[in-house]
Amino acid sequence: MTLTKAELIEQLYDDLGLNKREAKEFVEQFFEEIKDALVAGQDVKLSGFGNFIVRSKGERPGRNPKTGADIPIAARRVVTFRAGQKLKARVDRNARPE
Amino acid sequence: MTRSELIELLAGKQKHLAHKDVELTVKSLLEYLSAALCKGQRIEIRGFGSFSLRYRSPRVGRNPKTGDVVDLTPKYVPHFRPGKELRDRVDGAWDDIAD
């Protein structure tokens, strides 16, 4: 089963005794703050988990696969995630996808 | 932004929670995310993105220092794909700066 916001809220409620409304607000704000930082061009470094990095990519040549026409792919900013050592090691020890 | 800065920001907005509770909540959320990936579970956060595992086949690598051949075992690594809202907002902010 996939982990979603609803499931995170449920776990906070079970483990920490936050009420459902508090837990929902917290989970939403948690991801919102990370998003806002990234939108502002700030990297987000969560020790023990990983780093979200904002990268600027220059314009590069592309092609319309249907028509074969050359079209440049515009410069853009993208978010990448690099899992931290701790998470990588833990996943490598345990994980076998469902 | 670091983990402690994130905690400060959230503490400023969650006035009804004690600082140590905000810390504990952030710690717990990161633990739930990590634990899910360790179980091989996908994570989908609407508007933010999804995490999944990517398979890395076994391969023969080399120690870059000594040049020795090393057998690398197959493994799974966490992968993040930003959601549409995050992708658009991060790229849109670029347009504002570039124009």
Side-chain angles (χ1 to χ4, degrees), chain A residues 1-5 7-8 11-12 15-18 22-23 25-52 54-57 74-84 86-88 90-98, chain B residues 1-6 9-10 13-14 16-17 21-22 24-56 73 75-83 85-95 97-98:
Chain A
M1 213 199 67
T2 302
L3 183 68
T4 60
K5 270 193 236 176
E7 182 63 29
L8 290 171
Q11 291 195 44
L12 286 180
D15 293 350
L16 304 184
L18 293 186
E22 286 172 331
E25 208 177 284
F26 200 104
V27 168
E28 269 161 15
Q29 209 136 49
F30 174 83
F31 289 108
E32 205 54 48
E33 295 298 345
I34 297 175
K35 263 196 285 193
D36 286 350
L38 293 170
V39 170
Q42 255 184 344
D43 294 345
V44 177
K45 303 188 170 191
L46 303 175
S47 61
F49 187 68
N51 299 343
F52 295 91
V54 185
R55 294 184 51 197
S56 298
K57 298 182 127 185
R76 63 189 63 204
R77 280 210 308 187
V78 295
V79 175
T80 58
F81 174 71
R82 296 203 52 188
K86 207 171 128 193
L87 177 60
K88 268 201 239 170
R90 212 176 136 187
V91 164
D92 191 33
R93 273 201 309 278
N94 299 301
R96 294 298 170 261
E98 287 173 348
Chain B
M1 181 168 82
T2 61
R3 178 180 170 137
S4 44
E5 285 164 354
L6 174 62
L9 274 171
L10 290 167
K13 292 185 179 170
Q14 307 279 329
H16 55 290
L17 293 180
D21 291 334
V22 175
L24 180 62
T25 310
V26 167
K27 191 177 162 205
S28 302
L29 284 175
L30 292 173
E31 173 54 29
Y32 301 155
L33 298 172
S34 302
L37 288 171
C38 285
K39 284 189 289 181
Q41 216 181 3
R42 262 180 73 79
I43 304 170
E44 277 179 25
I45 308 295
R46 182 144 310 176
F48 184 73
S50 60
F51 296 87
S52 57
L53 296 182
R54 291 272 168 100
Y55 178 69
R56 296 280 178 264
T73 51
K75 62 177 176 178
Y76 288 94
V77 293
H79 181 262
F80 174 68
R81 183 175 141 84
E85 190 206 320
L86 179 58
R87 250 184 296 149
D88 289 352
R89 276 179 65 197
V90 164
D91 194 35
W94 166 263
D95 290 342
I97 295 163

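Quick caveat: nothing in here was measured; it's all calculated off a predicted structure.
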**Study point:** Chi angles and distances behind the side-chain contact (heavy atoms from CB on, under 4.5 Å) call for B:Arg89, A:Asp36
**Key:** CA-CA 9 Å; B:Arg89 276 179 65 197; A:Asp36 286 350; 2.7 Å; yes

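- Closest approach of B:Tyr76 and A:Asp92 over heavy atoms only: N-OD1, 4.2 Å.
- For the set A:Leu18, A:Val27, A:Ile34, A:Asn51, the count of heavy-atom pairs under 4.5 angstrom toward chain B peaks at A:Ile34.
- Residues B:Leu33 and A:Leu3 approach most closely at CD2-CD2, 4.0 Å, considering heavy atoms.
- Between chain B and the options A:Glu22, A:Gln42, A:Gln29, heavy-atom pairs under 4.5 Å are most frequent for A:Gln29.
- The part of B:Leu6 that comes within reach of chain A is its side chain, from C-beta onward, which places non-hydrogen atoms under 4.5 angstrom from that chain.
- With a 4.5 Å cut-off on non-hydrogen atoms, B:Glu5 does not touch chain A at all.
- The CZ atom of A:Phe26 sits 4.5 Å away from the OG1 atom of B:Thr25 when rounded to the nearest 0.5 Å.
- In terms of heavy-atom pairs under 4.5 Å with chain B, the best-connected choice from A:Gly50, A:Ser47, A:Ala83 is A:Ser47.
- Of the listed residues (A:Glu33, A:Lys88, A:Glu32), the one with the most heavy-atom contacts under 4.5 Å to chain B is A:Glu33.
- Taking NZ from A:Lys5 and CZ from B:Arg46, the interatomic distance works out to 8.5 Å, rounded to the nearest 0.5 Å.
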Check your understanding: side-chain contact (heavy atoms from CB on, under 4.5 Å) between A:Val91 and B:Val77: does it pass, once the steps are laid out?
Key -> CA-CA 7 Å; A:Val91 164; B:Val77 293; over 6 Å; no

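- For A:Leu8, the parts lying under 4.5 angstrom from a heavy atom of chain B are both the backbone and the side chain.
- In this structure, the portion of A:Val54 lying under 4.5 Å from any heavy atom of chain B is its side chain and not its backbone.
- In terms of heavy atoms, B:Leu10 sits closest to A:Phe30 at CD2-N, 3.9 Å.
- Contacts between B:Phe51 and chain A at a heavy-atom distance below 4.5 Å involve the side chain alone, from C-beta outward.
- The most heavy-atom pairs under 4.5 Å with chain A, out of B:Ile45, B:Val22, B:Asp21, come from B:Ile45.
- The two residues A:Thr2 and B:Gln41 come nearest to each other via the heavy atoms C-NE2, 4.2 Å.
- To the nearest 0.5 Å, atom NE2 of residue B:His79 and atom OG1 of residue A:Thr80 are 9.0 Å apart.
- One finds a salt bridge joining A:Arg90 and B:Glu31 here, because a Lys/Arg side-chain nitrogen approaches an Asp/Glu carboxylate oxygen to under 4.0 Å.
- Atom CZ of A:Arg82 sits in a sparse spot, with 12 or fewer heavy atoms from other residues, nucleotides or ligands closer than 6.0 Å.
- Put simply, CD on B:Glu44 and OG1 on A:Thr4 are 8.5 Å apart, with the number rounded to the nearest 0.5 Å.
- Only the side chain of B:Leu17 has a heavy atom closer than 4.5 Å to any heavy atom of chain A.
- Listed options B:Thr2, B:Leu24, B:Leu86, B:Leu9 were ranked by heavy-atom pairs under 4.5 angstrom with chain A; first place goes to B:Leu86.
- For a residue to count as touching a neighbouring chain, one of its non-hydrogen atoms must lie under 4.5 Å from one of that chain's; by this rule B:Ser28 touches chain A with the side chain only.
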